[in-house]
Amino acid sequence: MTCAELGGNEEHVYPAAIALEMIHTYSLIHDDLPAMDDDSYRRGKLTNHKKFGEATAILAGDGLLTNSFHAISTSPLYSAEEKVHIISKLTTASGLEGMVAGQLLDMEAEKKSISILELEHIHHLKTGGRLISFAVEIGGYIAGLPSNKLQTLKSLGEYLGIIFQIQDDILDVEGDEEVIGKKVGSDSENDKSTYPSILGLEGAKIYKEKYLEEAMKCIEIVGLKNTVLADITRYLSERNQ
């Protein structure tokens with residue numbers, strides 16, 4: 001969406017978008033495993049390990065992660081330089097400097113009292129922050145946006161990640177299981193630190209609005225104020241699933 005709204009060739013985004021979704025899906029499969037969040041349902045269906053067994057779930061995640069880089073490296077749509085740049089950004093977002101580090105910190109924070117700044121740091125690293133930030137930034141990169149505005153897009157992605165996570169935490173408190181497609185209250189059962197647990201439910205909603213304002217400022221700076229991307233930003237803040 002970012003690439004299209006900025007006048008880029010939308011088809012050139014597809015290999016990077018497919019690779020990103022492979023990594024996102026692998027992270028969900030592994031996140032649901034008994035050693036991590038131990039969830040039985042995802043999107044209203046049995047989680048991978050519940051339906052196919054733990055070994056298959058682990059290998060499915062491994063396969064998706066590995067194949068994501070194949071999707072980019074073999075694409076005829078990118079130059080060699082573009083392939084290196086996109087893969088470098090994706091590995092940073094998803095690996096030891098990004099999502100994996102965030103997942104580890106998230107597990108270490110269970111059954112502990114942490115500050116709102118520590119919680120934010122975890123979520124900047126996890127799927128929401130780094131992977132959404134990659135999506136927005138790479139869309140701008142493929143559209144040919146200058147580096148200063150790419151930095152603004154990167155900030156937008158980070159804000160979107162936090163907005164997504166805060167709303168996710170709110171839905172775990174007051175969401176509808178049938179709409180969400182997974183169990184409500186699992187964060188509390190697992191004694192996980194969340195925005196509502198630290199700030200209270202209303203405090204979390206106020207905190208989310210602060211980030212929504214920052215995200216909309218970034219959208220205006222890059223000239224995307226009256227676009228679908230702006231609508232998506234508001235949707236992430238209001239979603240019920």
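These numbers come from a predicted model, not from an experiment.
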Trainee: I'd like to know if L46 and F52 are part of one continuous hydrophobic network [Ile/Leu/Val/Met/Phe/Trp/Tyr, side-chain heavy atoms within less than 4.5 Å].
Mentor: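 Different clusters: F52 never reaches L46 through Ile, Leu, Val, Met, Phe, Trp or Tyr contacts under 4.5 Å.
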
Trainee: Take atom CD of E81 as the centre, draw a 6.0 Å sphere, and report whether it contains more than 12 heavy atoms from other residues, nucleotides or ligands.
Mentor: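 No, not enclosed.
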
Trainee: Given the rule that I, L, V, M, F, W and Y join up when any side-chain heavy atoms are under 4.5 Å apart, are M1 and I86 in one cluster?
Mentor: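 Hydrophobic grouping puts M1 with I86.
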
Trainee: I'd like to check I122 versus I114 (side-chain heavy atoms, cut-off strictly below 4.5 Å). Are they in contact?
Mentor: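 I122 vs I114: side chains touch.
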
Trainee: Quick one: NZ on K225 to CE on M216, what's the gap to the nearest 0.5 Å?
Mentor: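 K225 NZ to M216 CE: 8.0 Å, rounded to 0.5 Å.
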
Trainee: Which residue in the set R42, K45, K51, R43 passes salt bridge (charged side-chain N to carboxylate O under 4.0 Å, His left out) when paired with D32?
Mentor: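 Looking at R42, K45, K51, R43, the match for D32 under the salt bridge (charged side-chain N to carboxylate O under 4.0 Å, His left out) is R42.
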
Trainee: For residues 192-216, which residue pairs qualify under ring pair (Phe, Tyr, Trp, His ring centres under 6.0 Å), counting only residues two or more places apart or in two chains?
Mentor: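 Of all non-adjacent pairs touching residues 192-216, those that pass ring pair (Phe, Tyr, Trp, His ring centres under 6.0 Å) are H123-Y195, Y159-Y211, Y207-Y211.
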
Trainee: Enter the distance from H24:NE2 to I29:CD1 here, rounded to the nearest 0.5 Å.
Mentor: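 H24 atom NE2 to I29 atom CD1 measures 10.5 Å (nearest 0.5 Å).
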
Trainee: For residues I170 and I116: do they belong to one hydrophobic cluster (side chain heavy atoms under 4.5 Å, members Ile, Leu, Val, Met, Phe, Trp, Tyr)?
Mentor: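 Same hydrophobic cluster.
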
Trainee: Are there over 12 heavy-atom neighbours, none belonging to K50, within less than 6.0 Å of that residue's NZ?
Mentor: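 12 or below, so no.
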
Trainee: Just do the side-chain contact (heavy atoms from CB on, under 4.5 Å) check on M99 and S27 with the steps written out, would you?
Mentor: CA-CA 9 Å; M99 182 186 69; S27 75; 3.4 Å; yes

Trainee: Could you tell me whether E174 and K205 make a salt bridge, using a distance below 4.0 angstrom between a side-chain N and a carboxylate O?
Mentor: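 Yes, charged N to carboxylate O under 4.0 Å.
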
Trainee: Which atom names give the shortest non-hydrogen contact between D39 and T47, and what distance separates them?
Mentor: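 Minimum heavy-atom separation between D39 and T47: O-OG1, 2.9 Å.
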
Trainee: Working note: S237 + E209, criterion side-chain contact (heavy atoms from CB on, under 4.5 Å); need CA distance, chi angles, decisive distance, verdict.
Mentor: CA-CA 8 Å; S237 174; E209 289 302 313; 3.8 Å; yes

Trainee: May I ask you to decide whether K217 forms a salt bridge with E214, counting only side-chain N to carboxylate O separations under 4.0 Å?
Mentor: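 Salt bridge between K217 and E214, a charged N being under 4.0 Å from a carboxylate O: yes.
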
Trainee: So, are D168 and R239 salt-bridged, with charged N and O less than 4.0 Å apart?
Mentor: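 Yes, this pair counts.
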
Trainee: Mind checking what makes ring pair (Phe, Tyr, Trp, His ring centres under 6.0 Å) contact with H85, not counting sequence neighbours?
Mentor: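 For H85 the ring pair (Phe, Tyr, Trp, His ring centres under 6.0 Å) partners, ignoring immediate neighbours, are Y141.
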
Trainee: Is the shortest side-chain heavy-atom distance between L156 and I219 below 4.5 Å?
Mentor: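 Yes. Closest side-chain heavy atoms under 4.5 Å.
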
Trainee: Please enumerate all residues that pass side-chain hydrogen bond (donor to acceptor under 3.5 Å, both in side chains) together with K210, with sequence neighbours excluded.
Mentor: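 Partners of K210 under the side-chain hydrogen bond (donor to acceptor under 3.5 Å, both in side chains) test: none.
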
Trainee: Would you check, one step at a time, whether the test side-chain contact (heavy atoms from CB on, under 4.5 Å) holds for I142 with N9?
Mentor: CA-CA 8 Å; I142 292 172; N9 188 333; over 6 Å; no

Trainee: For L6, what residues pass the side chain to side chain contact (heavy atoms under 4.5 Å, CB included) criterion, not counting sequence neighbours?
Mentor: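 Residues passing side chain to side chain contact (heavy atoms under 4.5 Å, CB included) with L6: T2, A143, L145, L153, L224.
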
Trainee: Would you confirm whether T56, through its side chain, and G53, through its main-chain N or O, come within 3.5 Å as a donor-acceptor pair?
Mentor: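 Answer holds: no.
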
Trainee: Should we say atom CG of L96 is surrounded by more than 12 heavy atoms from elsewhere, each under 6.0 Å from it?
Mentor: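 No, CG of L96 has 12 or fewer neighbouring heavy atoms, counting only those of other groups under 6.0 Å.
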
Trainee: Mind checking the NZ-OG spacing from K89 to S133? Nearest 0.5 Å is all I need.
Mentor: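 Rounded to the nearest 0.5 Å, the NZ-OG separation comes to 8.0 Å.
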
Trainee: Output the distance between atom CE (M22) and atom OG (S94), rounded to the nearest 0.5 Å.
Mentor: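 Separation between the atoms: 13.5 Å.
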
Trainee: T92 and R130: which non-hydrogen atoms are nearest, and at how many Å?
Mentor: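 What the structure gives for the nearest pair is O-NH1, 4.4 Å.
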
Trainee: If you look at every heavy atom in M107 and A35, which pair is closest and at what distance?
Mentor: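 Looking at all heavy atoms of both residues, the shortest contact is SD-O, 4.3 Å.
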
Trainee: Distance alone, cut at 3.5 Å: any donor-acceptor contact between the side chains of T25 and E21?
Mentor: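 Judged by distance alone, the side chains do pair up.
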
Trainee: Mark yes or no for whether S75, through its side chain, and A71, through its backbone, hold a donor-acceptor pair below 3.5 Å.
Mentor: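 Checking the backbone N and O of A71 against the side chain of S75, no donor-acceptor pair under 3.5 Å is found.
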
Trainee: As a test of understanding, state which of V100, L119, L125 forms a side-chain contact (heavy atoms from CB on, under 4.5 Å) with L105.
Mentor: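 Exactly one candidate clears the test, L125.
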
Trainee: Measure across V13 and C3 and return the closest heavy-atom pair with its distance rounded to 0.1 Å.
Mentor: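 Nearest heavy atoms, V13 then C3: CG2-CB, 3.3 Å.
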
Trainee: Nearest 0.5 Å, what's the NZ-CD distance between K149 and E137?
Mentor: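 Answer for the NZ-CD pair, K149 versus E137, is 15.0 Å.
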
Trainee: Which heavy atom in A204 sits nearest to a heavy atom in I166, and how many Å separate them?
Mentor: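 Where A204 meets I166 most closely, the heavy atoms are O-CG2, 3.5 Å.
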
Trainee: Could you work out, with side chain to side chain contact (heavy atoms under 4.5 Å, CB included) as the rule, every residue matching H30, not counting sequence neighbours?
Mentor: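 Listed in chain order: Y26, L33, I58, D62.
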
Trainee: Got a second to check how far L59's CG is from E54's CD, nearest 0.5 Å?
Mentor: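 Taking CG in L59 and CD in E54, the distance rounds to 11.5 Å.
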
Trainee: Mind checking whether V228 and I138 sit in one hydrophobic cluster, side chains of I, L, V, M, F, W, Y counted as touching below 4.5 Å?
Mentor: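 Yes, it is one cluster - the side chains of V228 and I138 are joined through contacts under 4.5 Å.
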
Trainee: Give a yes or no on whether Y14 and F69 share a hydrophobic cluster (residues Ile, Leu, Val, Met, Phe, Trp, Tyr; joining criterion: side-chain heavy atoms under 4.5 Å apart).
Mentor: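 No, Y14 does not connect to F69 through the hydrophobic network.
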
Trainee: Please name the pair of heavy atoms, one in A16 and one in F134, separated by the smallest distance, quoted to 0.1 Å.
Mentor: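 Scanning both residues, the minimum pair turns out to be O-CE2, 4.3 Å.
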
Trainee: Would a 4.5 Å heavy-atom cut-off, applied to side chains only, mark S68 and L20 as touching?
Mentor: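 A side-chain contact under 4.5 Å is absent here.
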
Trainee: Under 4.5 Å between side-chain heavy atoms, chaining through other members, with only Ile, Leu, Val, Met, Phe, Trp and Tyr counted: pull out the rest of the cluster around V84, sorted by chain and number.
Mentor: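 Via sub-4.5 Å side-chain contacts, V84 links to none.
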
Trainee: State whether a side-chain donor-acceptor pair under 3.5 Å links S197 with T194.
Mentor: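 Result is yes, a qualifying pair exists.
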
